[in-house]
There are 2 protein chains.
Amino acid sequence: MAAPSPSYTIGTLARAAQVNVETIRYYQRRGLLPQPEAVGGGYRTYSETELARLRAIKRAQHLGFSLEEIETLLSLNEETDRVKARTLAQDKVSLIDARIAQLQEMRNALAELVDCCRHGDTAAPCPILRALSA
Amino acid sequence: MAAPSPSYTIGTLARAAQVNVETIRYYQRRGLLPQPEAVGGGYRTYSETELARLRAIKRAQHLGFSLEEIETLLSLNEETDRVKARTLAQDKVSLIDARIAQLQEMRNALAELVDCCRHGDTAAPCPILRALSA
DNA sequence: GTTGACTCCGTACTTGAGTACGGTGTTTAG
DNA sequence: CTAAACACCGTACTCAAGTACGGAGTCAAC
């Protein structure tokens, strides 16, 4: 058998995911994270499932997605309308592709800047501005 | 000679950059955009320089940078301490590289999802969650 | 030469994403 | 068995990034 997945209280879950307890509650209020049924004394318990989701949310956020976007992203799977899900996913793919391309330009601009500095090339026009004015 | 660059009022500048007039003022207050001297009747005039900067800000923002980050990014050029500028730029480069890598994973996850949908593969675990739990 | 569109500036409101607070009930370690 | 630490819930506060508003002055077209 697999090791029994540990069960978390909201506090241990928060620590495991490196977020604030209040953040979890906030996500639950927003419907972004499920709120398990409370058992016994009214405390709720969480599993790896919630932890994974919480971590995914944080990652996606760092990638520049809003909670609203993340919600649709994470719900793509549950989407029963396969056609709709596919369209949405495809849209996101091209959006992300564009974002990647721009980040790459920016990256190169910065790398160039690093180079300029190394060579003491003072008078060059701002490569960052240039990269961002594509 | 080059065509004389047109000069903008705050309103035309705003329209050209597709932002709100108030946003421009806000950026000026934050010191993110220069506030040209007012001439004549107290109106300020803007040039392509400001337009370019404004557009760059918007782009960088869409790439997930905060105004504060953008401020340091755009000021890297003016930075006279070459060593400091280089370090900062290098840090940003690795940060951006990481971001690109994650976006790529996400992109692939989504593409995979599109594929699953096409093949009617319903029971697979969420590839998006998987991508984001790296 | 006045009217409508626009500028300036200060202050106030809004939205997204949390954070903090306070009262009450629960669990657990000593 | 009790004190400290924690959970629950509702409400309120904060911070970033705008947006809106209102009064006063300016410009441009008719």
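Every chain is numbered from 1 and lettered A, B, ... according to where its sequence line falls, protein lines coming before strand lines.
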Quiz item: Please give, in whole Å, the distance from C:dC6 P to B:Ile24 CD1?
Solution: 14 Å
Self-check item: Whole angstrom value for the distance that separates P of C:dC8 from CD of B:Gln28
Solution: 8 Å
Quiz prompt | OP1 or OP2 of D:dG18 under 4.0 Å from side-chain N/O of B:Tyr27 | solution = yes
Self-check item: Whole angstrom value for the distance that separates C1' of D:dA17 from CG of B:Leu33
Solution: 15 Å
Exercise. Could you check how far CG of A:Leu13 sits from C1' of D:dC8, rounded to whole Å?
Key: 15 Å
Output one line per pair: protein atom, nucleotide atom from nucleotides 5-7 of chain D, and distance, for all N/O pairs under 3.5 Å.
residue : atom : partner : partner atom : Å
D:dC6   : O2   : A:Tyr43 : OH           : 3.0
D:dA7   : OP1  : A:Thr9  : OG1          : 2.5
D:dA7   : OP1  : A:Gly11 : N            : 2.8
D:dA7   : O4'  : A:Tyr43 : OH           : 3.2

Exercise. Send over the distance from B:Arg30 CZ to D:dA17 P, rounded to a whole Å.
Key: 5 Å
Exercise. Could you tell me the separation between the CD atom of A:Gln35 and the C1' atom of D:dC8, rounded to a whole number of Å?
Key: 9 Å
Quiz item: Could you give the OH-to-P distance, from B:Tyr8 to C:dC6, as a whole number of Å?
Solution: 17 Å
Quiz item: With a 4.5 Å heavy-atom cut-off, do B:Leu67 and B:Tyr26 have their side chains touching?
Solution: yes
Tabulated below should be each protein N or O lying under 3.5 Å from an N or O of nucleotides 19-23 of chain C; please produce it.
residue : atom : partner : partner atom : Å
C:dT19  : OP2  : A:Thr23 : OG1          : 2.8

Quiz item: Is any side-chain N or O of B:Lys58 closer than 4.0 Å to OP1 or OP2 of D:dA17?
Solution: no
Exercise. Grab the NE2-C1' distance between A:His62 and C:dA17 for me, whole Å please.
Key: 13 Å
Self-check item: Within-4.5 Å side-chain heavy-atom neighbours: B:Gln18 and B:Lys58
Solution: no
Practice problem: Could you check B:Leu67 against B:Gly41 and say which one's nearest nucleotide on DNA chain D is further toward the 5' end? | Solution: B:Leu67
Exercise. Check the hydrophobic clustering (I, L, V, M, F, W, Y; side-chain heavy atoms under 4.5 Å; chains of links allowed) and say if A:Tyr43 and A:Leu13 are grouped together.
Key: no
Quiz item: Distance under 6.0 Å and angle within 45° of the ring axis: does A:Arg99 meet both against A:Phe65?
Solution: yes
Exercise. Could you tell me whether the side chain of A:Leu88 reaches within less than 4.5 Å of the side chain of A:Thr72, counting heavy atoms only?
Key: no
